[in-house]
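Predicted model only: the values in this text are computed from it and were never measured.
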Amino acid sequence: MRCSLSVVLAVGAGLVAAAPHAHESRETHLRTRNIIDSTTIAGSYDFVIVGGGLAGLVLGARLSEDANHTVLVLEAGGNGDEYRERIDTPAYAYYESLWPTELNWAFTTTPQPNANNSVCPWPRGKVLGGSSAINGMYLNRPGEIEVNAWQDMLGDMDGAENWSWESMYAAMKKSETFSPPVDSSIQQEAAITYNPASHGSQGPIHMSYPGFTLPLVGAWSSAAINAGVDNTQDAYGGENWGAYVATSAINPANWTRSYSRSGYLDPLPPRRNYGVVANAQVTRILFNNTSGGNLTAYAVEYALNGGDAKLTVGVNKEVILAAGTVGSPTVLLYSGVGPKDVLDAAGVEVLSDLPGVGQHLQDHISVTVTWSSDAETAGTIYNDNSSEKNDPAFLSYVNSATAYVNSSLLFGNGVSGLQSNILGEIDQYIPNTSSDTGVISGYKAIYGTTANTILTSPIGLIELVIGLSTDGAIQIGANLQHPFSHGQISINSSNPLDYPVINPNYLNHPADVEILREGVKLARRLGETEPLASAMIKETWPGSDVQTDQEWEDWLRGEVFTEFHPSSTCAMLPLEQGGVVDANLRVYGLSNVRVADASVPPMSFSAHLMSSTYGLAEQASTIIRGFYNQPPPSTKHHNSTTNSTSSSNGRSSGNGNGTAILNTTNVPPTINDTSSTSTNSNAASSLNCWPLLMTVAFLYLTSRLLL
Ligand SMILES: Cc1cc2nc3c(=O)[nH]c(=O)nc-3n(C[C@H](O)[C@H](O)[C@H](O)COP(=O)(O)OP(=O)(O)OC[C@H]3O[C@@H](n4cnc5c(N)ncnc54)[C@H](O)[C@@H]3O)c2cc1C
Ligand SMILES: *[C@@H]1O[C@H](CO)[C@@H](O)[C@H](O)[C@H]1NC(C)=O
Ligand SMILES: *[C@@H]1O[C@H](CO)[C@@H](O)[C@H](O)[C@H]1NC(C)=O
Ligand SMILES: *[C@@H]1O[C@H](CO)[C@@H](O)[C@H](O)[C@H]1NC(C)=O
Ligand SMILES: *[C@@H]1O[C@H](CO)[C@@H](O)[C@H](O)[C@H]1NC(C)=O
Ligand SMILES: *[C@@H]1O[C@H](CO)[C@@H](O)[C@H](O)[C@H]1NC(C)=O
Ligand SMILES: *[C@@H]1O[C@H](CO)[C@@H](O)[C@H](O)[C@H]1NC(C)=O
Ligand SMILES: *[C@@H]1O[C@H](CO)[C@@H](O)[C@H](O)[C@H]1NC(C)=O
Ligand SMILES: *[C@@H]1O[C@H](CO)[C@@H](O)[C@H](O)[C@H]1NC(C)=O
Ligand SMILES: *[C@@H]1O[C@H](CO)[C@@H](O)[C@H](O)[C@H]1NC(C)=O
Ligand SMILES: *[C@@H]1O[C@H](CO)[C@@H](O)[C@H](O)[C@H]1NC(C)=O
Ligand SMILES: *[C@@H]1O[C@H](CO)[C@@H](O)[C@H](O)[C@H]1NC(C)=O
Ligand SMILES: *[C@@H]1O[C@H](CO)[C@@H](O)[C@H](O)[C@H]1NC(C)=O
């Protein structure tokens with residue numbers, strides 16, 4: 001479903017504040033328990049976590065379970081409370097999109113030469129919960145082959161075993177609570193299949209299915225079979241291919257979005273060893289030299305409320321970057337850790353020359369075929385203004401029917417020719433973003449793994465999705481999953497409040513064009529296959545003018561759009577391959593800085609990225625706690641027998657230990673202000689892109705799916 005017309009109308013209507021709820025004051029109190037005011041930040045913490053997004057709030061919750069450790073999360077965005085109804089209501093992801101609000105960083109790419117010089121919008125969440133607060137809620141997994149391929153790229157690095165499928169599968173499950181469809185009529189109508197054994201049952205994030213569906217959702221699986229795409233009964237146990245209805249990150253108890261804030265922050269008891277601060281943008285990590293040559297972080301510098309004044313907070317043990325695929329490399333670069341050529345050109349002093357920072361950027365590209373239709377879609381019902389429009393079950397409908405298709409479906413007998421072409425071209429399309437031999441060898445390692453291990457496997461090279469949230473139209477999108485084109489995040493300024501430069505290098509490699517072309521041809525074929533075909537009146541985009549391979553290729557170069565799944569800019573790879581972190585997530589050359597977010601897996605996955613990122617953050621938490629010799633928390637999550645000082649709310653904490661024993665070593669509430677200027681905010685830097693965003697929203701939202 002597209003973000004569509006209705007989103008544009010929402011933009012035009014301006015920002016809609018959340019309606020007050022009956023239990024507001026109690027709710028507000030409960031929701032803000034570990035969210036502290038910036039004036040109460042202590043002088044130092046054991047762990048300072050940069051970014052309170054999807055991964056950051058997992059790490060904050062898990063590390064603070066150990067009452068011996070003090071933990072601070074600094075989040076650039078706000079707490080999101082003014083937007084709560086829009087965040088919580090699943091279908092508002094389409095009808096009341098948060099894109100045109102301050103909750104979106106609203107990045108854009110550089111002009112993309114192989115994509116008709118497009119400057120593509122790159123939304124990213126800027127709020128507690130990060131992108132998990134503004135995204136499309138598809139919750140599915142990468143496959144066993146892909147995750148094991150990641151582990152294999154690590155060779156015999158210490159800790160490599162922790163990134164096997166077996167480890168990651170357990171970690172992903174640990175984050176989840178699965179609920180089957182609420183009633184059998186929904187299951188039948190949508191043709192939902194599932195295997196509870198492949199899902200977690202006690203984790204903080206709810207994974208389920210909407211409380212409303214449509215016959216067209218069920219038509220998806222049948223049309224797929226008729227078009228030669230097998231259905232899968234269970235895409236969650238490692239064989240993540242075929243057509244199916246994915247779970248969504250929705251809590252079926254009240255049809256709300258389940259995201260890192262609702263799962264990992266709101267249910268926690270108060271913990272005196274844990275503080276989460278919103279509106280605090282980290283600008284730099286500050287380092288000392290140590291004898292061994294590693295740099296040691298001693299403090300984190302940040303700016304409050306979009307102001308210019310810099311404050312610092314001390315670091316006793318570690319800094320953990322969880323600022324996402326854009327934010328984490330950006331903070332390293334502004335801190336003087338990164339490729340020398342980038343830092344020199346930006347005027348940032350090189351403290352540690354680490355050529356891989358920001359490299360190996362991979363993103364899923366999406367293109368969409370659209371038909372006019374008079375069939376009933378969720379968008380039709382919403383636009384009808386009937387009473388159903390405000391029914392919470394109806395408002396839980398989000399698109400989730402998907403199909404992952406492999407190379408033999410796309411290319412038939414042509415696969416081996418494609419593979420040998422790709423292997424023969426390994427030196428030809430190396431990204432021109434780095435001349436470092438290590439970075440290039442990392443590119444080749446990822447490329448080789450993709451070409452040798454993924455390309456001819458059953459893993460999907462293309463994901464197909466159907467969009468049913470527009471009135472009068474149906475979309476089928478084709479999304480490239482394993483790009484051979486890699487890009488880069490860099491900076492061109494020494495002011496850490498300036499936005500980074502994002503160059504995904506879209507369609508730099510011709511194989512990406514061919515694969516996407518075959519994918520979008522299959523998308524059209526699916527729309528022309530019964531039972532979907534009879535719902536379509538006419539293909540309106542690109543329409544019958546586009547028929548030959550050449551016509552498809554010309555068309556798709558002008559259509560590329562992000563599927564919102566950028567990854568790999570702080571890649572876990574050997575240092576000699578342009579790696580940024582080792583298998584224990586530690587940044588090379590730094591003794592006490594780790595990265596734990598979507599920037600870490602070195603290779604794109606054939607999946608939406610939430611589940612793997614939750615799993616990675618859970619795994620990171622266990623590794624870090626193990627490093628400090630703390631036993632991992634119990635995996636029993638619904639035990640409220642903790643010694644929390646306010647377990648009177650009767651909720652399960654969603655986590656293991658409460659706050660039975662508190663270490664209050666460093667609680668004095670002092671501001672550590674190293675700047676002479678006042679901390680009052682000037683113009684919020686985050687709002688600088690606002691006019692551009694408005695334009696971008698109008699231009700693009702009319703023709704895109706939200707994924
Ligand atoms: C529009 C959209 C739709 C998507 N749809 C889906 C989907 O349907 N299913 C799915 O699985 N995935 C989806 N994704 C992707 C998924 O949300 C992300 O992959 C995931 O959230 C990544 O987690 P993260 O922790 O790495 O980064 P994020 O969740 O983005 O968190 C990073 C956090 O760090 C903060 N930050 C950044 N820089 C700084 C700084 N300097 N100082 C302090 N804080 C900072 C940010 O404000 C943000 O809160 C979507 C993403 C978007 C944007
Ligand atoms: C916390 O630290 C104290 C003092 O070092 C130690 O005795 C105790 O075992 C620690 N608690 C845990 C859970 O590790
Ligand atoms: C990581 O791997 C080591 C060695 O196999 C193992 O002992 C440890 O339990 C693993 N940690 C996690 C969190 O899986
Ligand atoms: C939804 O229900 C969960 C409990 O399952 C609760 O924690 C949460 O606060 C509820 N959300 C809203 C918005 O009521
Ligand atoms: C690190 O550098 C800071 C700032 O120069 C200084 O205050 C601190 O004492 C140093 N710490 C160590 C361990 O050298
Ligand atoms: C670390 O030491 C080296 C060599 O003495 C020096 O050039 C560099 O500036 C120091 N870095 C920091 C962050 O102090
Ligand atoms: C601020 O932090 C620095 C670095 O940790 C520390 O040296 C200094 O004492 C702190 N100042 C205050 C007032 O806490
Ligand atoms: C390419 O971009 C130009 C300028 O924006 C535009 O006029 C043209 O239609 C685009 N071509 C395609 C194929 O999208
Ligand atoms: C540097 O720090 C890393 C951890 O990031 C550690 O493994 C390594 O041994 C350290 N090297 C030196 C020389 O101290
Ligand atoms: C909850 O934890 C307590 C203390 O660890 C334990 O005695 C009790 O059996 C647990 N209850 C459940 C339901 O797991
Ligand atoms: C919580 O941890 C403390 C030590 O940090 C321990 O003494 C206490 O028994 C734990 N409580 C539960 C419920 O596990
Ligand atoms: C809770 O705290 C009390 C007193 O501090 C202690 O006796 C009891 O064992 C604790 N219970 C748990 C489950 O940790
Ligand atoms: C409290 O935590 C600090 C920092 O981790 C540690 O040095 C200290 O030993 C702890 N104190 C107690 C009583 O556990």
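The closest donor-acceptor contact from the side chain of Thr377 to the backbone of Thr470 lies under 3.5 Å. Using a distance-only test at 3.5 Å, with no hydrogens or angles considered, no donor-acceptor pair links the side chain of Asn231 to the main chain of Gly242. Side-chain atoms of Asn279 do not come within 3.5 Å of backbone N or O of Asn305 as any donor-acceptor pair. At distances below 3.5 Å, not a single donor-acceptor pair connects side-chain atoms of Glu559 with backbone N or O atoms of Trp555.
Using a 4.0 Å cut-off between charged nitrogen and carboxylate oxygen, Glu176 and Arg141 count as a salt-bridge pair. Salt-bridge formation is detected for the pair Arg524/Glu539: a Lys NZ or Arg NE/NH1/NH2 atom is positioned less than 4.0 Å from an Asp or Glu carboxylate oxygen. Look at Arg261 and Asp266 and you find a salt bridge, because one of the NZ, NE, NH1 or NH2 atoms lies within 4.0 Å of a carboxylate O, short of that distance. Look at Lys521 and Glu518 and you find a salt bridge, because one of the NZ, NE, NH1 or NH2 atoms lies within 4.0 Å of a carboxylate O, short of that distance.
Of all heavy-atom pairs spanning Ser260 and Ser132, the tightest one is N-OG, 3.2 Å. In terms of heavy atoms, Gly203 sits closest to Thr177 at O-OG1, 2.6 Å. Of all heavy-atom pairs between Leu139 and Tyr236, the closest is O-OH, 2.6 Å.
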Check your understanding: Which is it for Asn399 and Tyr94 under the side chain to side chain contact (heavy atoms under 4.5 Å, CB included) test, yes or no, and what are the steps along the way?
Key -> CA-CA 10 Å; Asn399 294 310; Tyr94 311 126; 3.5 Å; yes

Q) Given the rule in the side chain to side chain contact (heavy atoms under 4.5 Å, CB included) test, do Ser373 and Ile474 qualify, once you have shown the distances and angles that lead to the verdict? A) CA-CA 6 Å; Ser373 172; Ile474 294 174; 3.5 Å; yes

- Please report the C-alpha distance between Leu395 and Tyr92 in whole Å, then the side-chain angles of each, then the deciding distance to 0.1 Å, and finally whether the side chain to side chain contact (heavy atoms under 4.5 Å, CB included) criterion is met. CA-CA 7 Å; Leu395 288 175; Tyr92 285 178; 3.9 Å; yes

I'd like to know whether Ser258 forms a side chain to side chain contact (heavy atoms under 4.5 Å, CB included) with Ile250, so could you lay out the CA-CA distance, the side-chain angles of the two residues, the decisive distance to 0.1 Å, and finally the verdict. CA-CA 5 Å; Ser258 184; Ile250 291 177; 6.0 Å; no

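Expressed to the nearest 0.5 Å, how far CE of Met172 lies from CE of Met207 amounts to 9.5 Å. Between the NE2 atom of His565 and the OG atom of Ser131 there is a distance of 10.0 Å, given to the nearest 0.5 Å.
In this structure, a donor-acceptor pair under 3.5 Å is present between the side chains of Gln481 and Glu563. Checked by atom type, the side-chain pair Asp384/Ser386 shows no donor-acceptor distance below 3.5 Å.
Across Trp241, Tyr404, Tyr138, a single residue satisfies side chain to side chain donor-acceptor pair (under 3.5 Å) together with Glu463, and that is Tyr404. With Ile476 as the partner, the side chain to side chain contact (heavy atoms under 4.5 Å, CB included) test is satisfied by one option alone out of Thr368, Val465, Thr370, Leu532: Leu532. Evaluated for a side chain to side chain donor-acceptor pair (under 3.5 Å) with Arg257, the options Asn135, Asn251, Asp88, Thr89 yield exactly one hit, Asn135. Exactly one residue among Leu507, Asn116, Ile365, Leu480 makes a side chain to side chain contact (heavy atoms under 4.5 Å, CB included) with Leu556. That residue is Leu507.
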For residues 209-226, dump all side-chain donor-acceptor pairs below 3.5 Å to protein atoms at least two apart in sequence or in another chain.
unit_1 : atom_1 : unit_2 : atom_2 : d
Trp220 : NE1    : Thr402 : O      : 3.0
Asn226 : ND2    : Ser222 : O      : 3.4
Asn226 : ND2    : Glu530 : O      : 2.9

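Between Phe564 and Trp99, the ring-plane angle classifies as perpendicular under the 30° and 60° cut-offs.
Taking Gln112 as the reference, Thr109, Thr110, Ala115, Asn503, Pro504, Tyr506 meet the side chain to side chain contact (heavy atoms under 4.5 Å, CB included) condition, with sequence neighbours excluded.
Taking the six-membered ring for Trp and the full ring otherwise, the centers of Tyr194 and Phe178 sit less than 6.0 Å from each other.
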